[in-house]
Every structure is written in structure tokens, then in C-alpha cells.
Amino acid sequence: MTVRPPLLLRQHVWRAFLRVALLPLLLVEIALIAVYLLANVAGTRENLAAVREIADGELARIAAHKAAIIDGQLAGVRQMATLYARQTQEALTRPYALTPEQRATYKTSPDGVFYSELGAPGSSLYYSAATPVGPAELDKVARTTQLDPVMRDILASNPLIVQLYFNTFDSMNRILPAVDSVGQYGARMDIPSYNSITRRTPSTTRRARRCGPTLTSIRRGRGGWCRASPRCTAATSSRA
């Protein structure tokens, strides 16, 4: 039979300390750490929810502010489009005689296109070879020449407007800033059915057939292009 040696006083004290003080203290510390972690997780979730709510509210406020600014800008473009339509209607009802200098800028191509020379003052004119140009057509050309000062003023008054043009049912096109109309349209372009493509988003295009006075407004940066017209014969949207 093995006889255990007697425990020393120090060992008795150490065992009592472990059982009475150290182990309960360790359990309390573990419990406090667990409570802290749970409270931290719950607080983080609440903070994230509060920050998200604040961010959503701020984003909505900014979006509403920007929408109001854009609406004001588009209202100006709409007003200019309406003004251009009215001035065009008045010009068509008011006879006008071309000056010798103005008459000299108009030419007829070998293909039968009646057009204004590139580089001539004012807007460029294109009359498709599909339409025989007679006295009535020449009178229309002369009357729409009166639109040049209006078109220049509209372009100068609103930086969002970068182009104005006027199309007729018999394939006449007057546009400012001037373009190489013969090179762009060809000889027998049917202007009323000419597709004008406007980029709305990277995946969306807008194709519109237009007759009548039209202005083009392009907003630089995101958002792409915007076209305002007081009159359109047909318009369709499609996704690329």
C-alpha cells in the first residue's frame, strides 16, 4: 500500500484559490467578453442601418435637387423649340427676296441636288434631287433663309443647344451649324424618312423620323444626348 505524502500548506492554499477565486473570475471574464462581442455586433448592425437610412435620404435629396436643375434646363430647351417653331411658321408666311450675295451661294450639283456651298454664311441648305426645284421650291428656300438670325441667336443663348434644322415633306433640309449636306445626304435622300439616331444610354437608342423645325440639345458627360422637337411624324425606341 502506497502512502501519499502529506500536502503542504502552500498547496492547500493554491487549490482553494483556484476553486474559490480564479475559476469564478475566469468564468466572469469570459461572460463579459461574450456580452461585449454580442453588444458590439448588435450595435454595428444598428449603426449600419442608421447610416444606410441617412445615405438613402441624402441620395434622394441630391437626386431631387439634380432633377430640378435638369428640369429647369430642359424647360429652357423646350421654350427655345417652341420659339423656333413659331419663328419658322412666320418665316414661311412672309415673302423674302434673296440678295445677289445669298443667291450666289446656292448651286445645283450634276446629280440634281440644289444646295448651298459649304462655307457660305448662315445655315446650309439641301434640296433632294428627288424633288424638281421650281419657283415654289425656290420661294421656300428664300423664305427659310430668314431663319438664319433666329437660329444663330438660339444657338448663342443656350449652351445645351448645339444644332437646329428644318425639314420639309418634299425633302428640303436647312441646318445650322452648316454641314456638307451633299456629302452627308447623297443625291436623292428622302428627308422625311431619314432616320435620326439619338444615344440615350449605352444600351438604348432612339430613332425618329422628323419633319418640321427641330433643335438638338446635347448634354456633355453622363446621360448622353437629348433631342427636343415641337413636331415629329414618327418616333420609336429600341434596345441595342
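Scope of the values below: all heavy atoms of this structure, side chains included, with no hydrogens, waters or symmetry mates. All residue numbers in this chain count up from 1 along the given sequence.
To the nearest 0.5 Å, the span separating OG1 on Thr99 from CD on Gln102 amounts to 3.5 Å. Atom CG of Asp180 sits about 5.5 Å away from atom CG of Leu118, to the nearest 0.5 Å. One distance of note links OH of Tyr115 with OG1 of Thr108; it measures 8.0 Å at 0.5 Å rounding.
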* Asked: So Leu147 and Thr88, side-chain contact (heavy atoms from CB on, under 4.5 Å) or not? Walk me through it.
  -> CA-CA 7 Å; Leu147 291 174; Thr88 301; 3.7 Å; yes
* **side-chain contact (heavy atoms from CB on, under 4.5 Å) assessment of Ile30 paired with Leu26** => CA-CA 6 Å; Ile30 293 173; Leu26 182 60; 4.2 Å; yes
* To do: Could you please spell out the steps behind the side-chain contact (heavy atoms from CB on, under 4.5 Å) verdict for Thr168 and Ile191?
  => CA-CA 8 Å; Thr168 65; Ile191 291 295; over 6 Å; no
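Look at Asp170 and Lys140 and you find a salt bridge, because one of the NZ, NE, NH1 or NH2 atoms lies within 4.0 Å of a carboxylate O, short of that distance. Under a 4.0 Å N-O distance rule, the pair Asp56/Arg52 does not qualify as a salt bridge.
Put simply, the side chain of Ser116 gets close to the backbone of Leu125: a donor and an acceptor are under 3.5 Å apart. Not a single donor-acceptor pair under 3.5 Å links the side chain of Thr131 to the backbone N or O of Ser171. No donor-acceptor pair closer than 3.5 Å links the side chain of Gln87 to the backbone N or O of Tyr84. Asp111 places no side-chain N or O within donor-acceptor distance of the main-chain N or O of Val113, the cut-off being under 3.5 Å. Distance alone, capped at 3.5 Å, is enough to place a donor-acceptor pair between the Arg103 side chain and the Leu98 backbone. In this structure, the side chain of Asn47 engages the main chain of Gly43 through a donor-acceptor pair within 3.5 Å.
Contact check for Arg174 versus Ser124: no side-chain heavy atoms found under the 4.5 Å cut-off. Contact of the Met172 side chain with the Asn167 side chain is not registered, since no non-hydrogen atoms from C-beta on lie closer than 4.5 Å. The closest side-chain heavy-atom distance from Leu32 to Tyr36 is not below 4.5 Å. At least one side-chain heavy atom of Ile62 sits under 4.5 Å from a side-chain heavy atom of Glu58. Under the 4.5 Å side-chain criterion, counting only non-hydrogen atoms from C-beta, Leu176 is in contact with Leu155. No side-chain heavy atom of Arg94 sits less than 4.5 Å from a side-chain heavy atom of Arg143. A heavy-atom distance below 4.5 Å is not found between the side chains of Leu164 and Ile175. A 4.5 Å side-chain heavy-atom check between Met151 and Ile154 finds every atom pair outside the cut-off.
Side chains of Asp190 and Ser193: a donor-acceptor N/O pair is present below 3.5 angstrom, by distance only.
With sequence neighbours left out, Glu53 forms a salt bridge (charged side-chain N to carboxylate O under 4.0 Å, His left out) with no residue at all.
For Phe114 and Tyr106, the ring centers sit closer than 6.0 Å to each other. Taking the ring centroids of Tyr185 and Tyr126, they lie under the 6.0 Å cut-off.
Shown here for Ala187 and Ser128, the closest heavy-atom pair between the two residues is O-OG, 3.6 Å.
The 12-atom threshold is exceeded at CD of Glu117, counting heavy atoms of other residues, nucleotides or ligands nearer than 6.0 Å.
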